[in-house]
Amino acid sequence: MLDIRLLRDDPESIKTRVKSRGGDAWTLIDEILACDEKRRAGETEKQQLQSDRNRISKEIGQLKKTGEDSSSVEAEVRKIGERIKAIGEEVDTADSRQTELLLQIPNLPHEECPVGEDETANPVIREWGKQPEFDFEPVDHVELGKRNELFDFELGARVSSSGFVTYTGMGARLERALIQFLLDLHTTAHDYREVSPPFIINRDSMFGTGQLPKFEDDMYGLEDGAFFLAPTAEVPVTNLYREQLLGIGDLPIKLTAYTPCFRREAGSAGRESRGLIRMHQFDKVELVNIVRPEDSADYLEKLTAEAETVLQKLGLHYRTIELCTGDLGFSSAKTYDIEVWAPGHGGYLEVSSCSNFFDYQSRRMKLRFKDEEGKNRFCHTLNGSGTALPRLYVAFLETYQQADGSILIPEALQPYLGTDRIGA
RNA sequence: GGAGGGGUGGCAGAGUGGUCGAAUGCGUCGGUCUUGAAAACCGAAGUGCCGCAAGGUACCGUGGGUUCGAAUCCCACCCCCUCUGCCA
């Protein structure tokens, strides 16, 4: 949520920055400001009346004590009370409308965020490694999965529906090995604390990180929308600190978690979705940072490097891009995407999205810290995938495939898998 | 699921209709003392909103209600704890 004071102070430049993301959220800003003015004017009047009421009520107390008649004064106060109630209702209406609209305004892109309409305007920041070369025609992960019986989409559909998969045999073990490898890496080399949160999340938390109110249709709801299946561990993990007032000694907080993620992916069928690439349920290891505002820029760089380490350790070629204004997620001010090369697929796949949300999420969830001067300030929150499993899995299989269809296992993963080769 | 107890400042915990934004302790900050620290002592300090400010106002789990006036009384809901049932 944006600070209303930013909107008040310079509405035109805020509009321009919101506009740079595309979409029409900026058109709400005038109404927000109108509500704000109405609210404040009403508030002032209401408070004046409340002040009168408090004063006169005290007089009544005095009169009663001395046994004098207070009925005419009581009638006066009753009238004031009615007026307070009426104005209070107007103020509440304006206030809730203002909040409702403000929750729909996305975060401001960072000042230096590249301006552009869509993903074609995302600059590549760096690359690591090279596309592997094969002396045979590499196949894609779907084919490799079939040959080695690693996963089965029909078995996913049988017990659930399309968009779900069942991993089998060494395929299931590889999934588990990768999760274990990722958590071990982040907790030992990157100083993260591991948490294992609930996967069923309440509404307040979904508002806190910005999934609600705009993206309700993208998520699986339970109990008439009172709860949702977690679309990402970002939601439960960041919200562990919702409505908290932290001390400076508590920061930075670095948490990692493995969770399954559930997304309806409404309307995205067929597009870039072959095999495991886009599922309704997928595993992910997430990295969450909660830091002081002045540190968040540095932590985004570190966080991105931590996610990249995963691919380096596994020897997978990747590139890191920065998202332009038009491609940025709703709550994010600045985002790096890491894309891993998948030789059989013949393209790059997004395996991680690392974002700095500034105080956008912490303002929504009232996550603050007390600084040296005793002032309460909003924290900055960040998160990144470290990494998403299915696409990592895809790139892994396709990169390490052999002519006979078997998969070579790199050294880093061998202890977790108990073998140096799958298949053949 | 059932019975009982409880939700108050960063934390713990008093407070059962007006003088309560709220005792006390811990923790925090400043000071005295000390070579320095600890201890002791003195002092400061809740959060949001409105206001240029002075100041005002709201907030005692959430939402309603009673009242001239509610942390305090009533209703509903949420959460936590203890016991208990079923159960991985």
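Just so it is clear: chains get the letters A, B, ... in the order the sequence lines come, proteins before strands, and each one is counted from 1.
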Check nucleotides 6-11 of chain B for protein N or O atoms closer than 3.5 Å to its own N or O atoms and list the pairs.
none

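Look at the C1' atom in both G15(B) and G27(B): the space between them is 22 Å, to the nearest Å. Comparing U72(B) with G17(B), their C1' atoms are spaced 7 Å from each other, to the whole Å. Spacing between C20(B) and G46(B) at atom C1', rounded to whole Å, works out to 14 Å. Going from the P atom of A3(B) to that of U8(B) covers 24 Å, rounded to whole Å. Rounded to a whole angstrom, the distance from the C1' atom of C78(B) to that of G64(B) is 14 Å. Taking atom P on both nucleotides, A70(B) is separated from C77(B) by 24 Å, rounded to a whole Å. G65(B) and C49(B) have their P atoms separated by 25 Å, given to the nearest Å. Look at the P atom in both G1(B) and G51(B): the space between them is 47 Å, to the nearest Å.
Comparing Gln48(A) and Glu372(A) against RNA chain B, the residue whose closest nucleotide sits nearer the 5' end is Glu372(A). Both Lys375(A) and Ile4(A) lie near RNA chain B, and the one whose nearest nucleotide falls closer to the 5' end is Lys375(A).
A cation-pi arrangement is found for Lys19(A) relative to Trp26(A), the charged atom lying closer than 6.0 Å to the ring centre and inside a 45° cone about the ring normal.
Looking only at atom types and distance, the side chain of Ser57(A) has no donor-acceptor partner in the side chain of Asn54(A) under 3.5 Å away. Side-chain contact check for Lys284(A) and Thr232(A): at least one donor-acceptor pair (N or O, by modelled atom type) lies under 3.5 Å. A donor-acceptor contact closer than 3.5 angstrom is absent between the side chains of His186(A) and Thr256(A). A donor atom on one side chain and an acceptor atom on the other are found under 3.5 Å apart for Tyr318(A) and Gln312(A).
Residue Arg8(A) is classed as a sugar-phosphate contact, given heavy-atom separations below 4.0 Å to backbone atoms only.
What separates CD of Glu243(A) from C1' of U62(B) is a distance of 11 Å, to the nearest Å. Rounded to whole Å, atom P of C52(B) lies 8 Å from atom CZ of Arg40(A). When the P atom of C49(B) is taken as reference, atom CG of Asp95(A) falls 11 Å away, rounded to whole Å. Rounded to whole Å, atom P of G61(B) lies 17 Å from atom CG of Asp204(A). The interatomic distance linking Glu223(A) (CD) with C77(B) (P) rounds to 16 Å, in whole Å. Separating the CG atom of Asp371(A) from the P atom of U28(B) is a distance of 17 Å, rounded to the nearest angstrom. Put simply, CD on Glu43(A) is 15 Å from P on G48(B), counting in whole angstrom units. Here U62(B) presents its C1' atom at 14 Å from CG of Asn202(A), a figure rounded to the nearest Å.
Ionic pairing of Glu294(A) and Arg377(A) is present here: one or more N-O contacts between side-chain nitrogen and carboxylate oxygen are shorter than 4.0 angstrom.
When side chains are defined from C-beta on, Met1(A) does not count as touching Asn107(A), because their heavy atoms never get closer than 4.5 Å. Within the 4.5 Å cutoff, the side chain of Glu339(A) has no heavy atoms near those of the Leu349(A) side chain. Asp337(A) is listed as a side-chain neighbour of Leu323(A), based on a closest heavy-atom distance under 4.5 Å. Residues Leu311(A) and Val351(A) meet the side-chain proximity criterion, which asks for heavy atoms closer than 4.5 Å.
The base-pairing partner of U72(B), taking Watson-Crick or G-U wobble contacts with both distances under 3.5 Å, does not exist among the strands shown. In this entry A58(B) has U47(B) as its Watson-Crick or G-U wobble partner, both defining distances falling under 3.5 Å. Pair assignment for U32(B) gives A40(B), based on Watson-Crick or G-U wobble hydrogen-bonding distances that are each under 3.5 Å. Partner assigned to G10(B) is C26(B), using Watson-Crick or G-U wobble distances below 3.5 angstrom. Nucleotide A3(B) is matched to U82(B) when pairs are restricted to Watson-Crick or G-U wobble geometry with both distances under 3.5 angstrom.
Phosphate proximity of C50(B) to Arg39(A): present, with a side-chain N or O under 4.0 Å from OP1 or OP2.
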Item to check | Protein proximity profile, nucleotides 63-73 of chain B - base contact B, sugar-phosphate-only contact S, no contact -, cut-off 4.0 Å on heavy atoms | outcome: --S--BS----

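The ring pair (Phe, Tyr, Trp, His ring centres under 6.0 Å) analysis of residues 235-255 of chain A, with sequence neighbours excluded, yields no pairs.
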